[in-house]
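Contents: one structure, followed by commentary.
Note that these values count all heavy atoms, side chains included, but never hydrogens, waters or copies made by symmetry. Residue numbering restarts at 1 for every chain, and letters A, B, ... go by the order of the sequence lines.
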Amino acid sequence: MHSNSYTFFYAAAITVITGVLLALASEGLRPAIEGNVALEKKKNILSSVLLRPEGRQEIESLYSGKIKGIVLDNGGNPIEENEPFGIVLKEELEKEPDERKLPLYIYSEDDGRKYYIVPMYGAGLWGPIWGYISLREDFNTIYGAYFDHKGETPGLGAEISSYEKFQQQFEGKKIFDTENNFISVRVVKKGIKTDFAGENKVDGISGGTITSNGTDKMIHTWLEQYVPYIKSRIQNTNPQ
Amino acid sequence: MSAEISTETGIPVKKEGLFSKNNIKVLNDPLDDINPITVQVLGICSALAVTTQVKPALIMAIGVTVVTAFSNLIISLIRNGIPSRIRMIVQLVVIATLVTMVDLILKAYVYDVSKKLSVFVGLIITNCIVMGRLEAYAMQAKPWPSFLDGIGNGIGYGIILIVVSVLREIFGSGTLLGYQVIPQSFYDAGYVNNGMMMLPPAALFLIGIYIWIQRGKNRKLINVS
């Protein structure tokens with residue numbers, strides 16, 4: 001049997017050693033990890049305009065060449081600080097609505113067409129979900145959508161990150177109804193009768209109802225915040 | 001194991017080769033005779049959780065193998081210095097440190113894979129197999145056999161995960177490693193995926209059937225009582 005002082009000394013020593021090791025590993029790998037996270041985010045943003053670049057160089061060059069970001073306030077006015085990339089949506093959601101900073105990414109095609117990419121963040125079943133939806137220049141028709149998740153159930157809720165099974169349905173859907181009321185794109189259970197027009201809804205994932213509902217709520221919450229900006233842009237382009 | 005105990009008591013023993021008969025047995029036994037999942041019934045929870053698709057199951061198997069092998073090795077190296085009253089805490093600290101390192105390394109170098117595994121990597125810490133092997137083997141054995149024991153148990157765990165996940169992915173989603181294996185013509189003819197395969201109970205049934213077949217074939221596992 002070891003003495004008490006030996007036991008205490010041993011416990012302290014092993015704590016210090018493992019603590020130092022972990023701190024070193026974490027600090028040493030931090031640039032690589034942060035680089036990966038930023039690259040992943042750029043890739044996700046590009047995915048929402050239906051681009052699938054592979055490899056660091058391709059992603060970086062597409063992103064820096066084609067995408068500009070602006071930051072909006074709650075009323076839809078651009079604010080001075082114009083680099084949205086560092087904004088953490090989770091932190092913005094915790095703020096009061098009129099203090100939020102809303103990032104908006106604008107993708108410009110070579111022929112001058114633009115897509116407006118709205119980022120979003122919400123809760124699924126097991127953890128956070130997030131995504132990007134790109135709107136065409138009419139600010140109504142969806143061009144593409146991308147969603148991802150931290151830890152939804154594989155094969156069920158996790159299918160929101162599948163292009164074929166989920167994201168593809170969003171293309172061509174509308175976020176306003178025919179009378180220009182904001183509806184968002186509702187994620188509803190397949191086969192259930194709803195009041196939403198076909199162009200305002202997509203099918204949820206069977207077996208992934210809680211994740212589908214979370215996605216529905218996330219899309220609604222985030223798109224709604226951009227409605228003031230969208231309204232002001234529509235008025236400017238079609239003066240009546 | 002008698003060879004190792006006699007070293008500790010100071011009686012000289014013959015030096016064993018790296019892949020001697022005993023060491024190979026240490027590596028092979030967990031694959032069948034003392035399989036951690038089907039015989040020792042450890043690590044069932046993760047076997048239910050990560051086996052809906054083959055890819056996460058495969059990476060989980062590799063992760064558990066690496067962690068079991070290295071925690072066995074480290075604990076075996078320091079086994080004589082560990083105060084017995086806090087040995088489980090020390091074991092857990094070693095496991096948690098290794099798992100966190102694995103997680104950080106995955107995030108830094110294979111980000112895609114780490115995204116797929118997400119929470120499961122952290123859950124290796126709570127996998128009973130890892131701590132079970134430390135208590136049952138590494139605390140009494142020399143480093144090299146301990147390392148082999150860790151690898152053997154990791155692979156024994158991995159085999160079950162892969163068998164279960166292959167069946168669940170094929171019958172649950174009609175794919176294997178994400179590629180469609182059940183042809184579209186089957187679906188057109190009225191075939192549907194088995195939704196239950198996507199739910200945890202399916203893994204329990206499959207493991208049960210595996211145990212049944214294994215006990216039918218392996219005479220050593222038949223209860224003599």
Side-chain angles (χ1 to χ4, degrees), chain A residues 1-41 43-44 54-56 124 126-128 148-159 161-162 164-165 205-208, chain B residues 49-57 74 78 80-87 89-112 114-123 165 168-169 172-175 178 180 193 195-200 202:
Chain A
M1 179 73 90
H2 296 282
S3 68
N4 281 350
S5 51
Y6 178 83
T7 306
F8 275 112
F9 175 77
Y10 197 94
I14 201 142
T15 313
V16 170
I17 292 170
T18 49
V20 167
L21 274 177
L22 284 178
L24 284 178
S26 165
E27 277 306 304
L29 295 172
R30 189 205 292 272
I33 294 173
E34 278 175 359
N36 285 338
V37 172
L39 192 71
E40 178 75 19
K41 186 170 174 183
K43 195 179 165 189
N44 291 351
E54 285 300 330
R56 185 171 289 266
W126 304 114
D148 210 344
H149 62 94
K150 176 96 191 284
E152 297 307 296
T153 322
L156 301 174
E159 298 292 313
S161 61
S162 154
E164 286 81 11
K165 290 188 180 148
I205 293 157
S206 40
Chain B
V50 301
T51 51
T52 46
Q53 288 171 338
V54 178
K55 200 173 174 189
I74 292 169
I78 60 173
N80 294 327
I82 300 175
S84 57
R85 278 173 296 181
I86 59 163
R87 67 177 198 287
I89 300 168
V90 174
Q91 289 163 6
L92 207 54
V93 167
V94 170
I95 298 169
T97 309
L98 276 171
V99 170
T100 313
M101 293 260 200
V102 167
D103 195 26
L104 285 172
I105 290 169
L106 288 178
K107 277 202 182 106
Y109 297 108
V110 272
Y111 191 73
D112 289 355
S114 109
K115 246 185 49 176
K116 281 246 153 55
L117 282 176
S118 61
V119 295
F120 300 133
V121 177
L123 286 178
S165 62
R168 284 181 78 183
E169 194 175 338
S173 7
T175 57
Q180 198 71 36
N193 287 329
M196 196 194 68
M197 281 289 171
M198 304 309 289
L199 303 171

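- Both the backbone and the side chain of B/Ser84 come within contact range of chain A, judged by heavy atoms closer than 4.5 Å.
- Counting only heavy atoms from C-beta outward, the side chains of A/Asn4 and B/Arg85 approach each other to under 4.5 Å.
- Between B/Val90 and A/Tyr10, some side-chain heavy-atom pair lies under the 4.5 Å cut-off.
- Looking at A/Glu34, there are no atoms closer than 4.5 Å to chain B (heavy atoms on both sides), in backbone or side chain.
- Summarising the geometry, atom OG1 belonging to A/Thr153 is positioned 9.0 Å from atom CG belonging to B/Leu199; distances are rounded to the nearest 0.5 Å.
- Contacts with chain B were tallied for A/Ile17, A/Ile14, A/Thr15, A/Val37; A/Val37 has the most, counting heavy-atom pairs under 4.5 Å.
- With a 4.5 angstrom heavy-atom cutoff, A/Glu152 does not touch chain B via any of its atoms.
- Scanning all heavy atoms of the two residues, the minimum distance from B/Met101 to A/Ala25 falls at SD-CB, 3.8 Å.
- A donor-acceptor pair is defined here as one N or O able to donate and one able to accept, closer than 3.5 Å; such a pair exists between the side chain of A/Tyr6 and the backbone of B/Gly81.
- Under the 4.5 Å side-chain criterion, counting only non-hydrogen atoms from C-beta, B/Met198 is in contact with A/Leu156.
- Ranked by non-hydrogen atom pairs under 4.5 Å with chain B, the options A/Thr7, A/Leu39, A/Asp148 are led by A/Thr7.
- Annotation for A/Leu29 and B/Ala108: closest pair CD2-CB, 3.8 Å, computed over non-hydrogen atoms.
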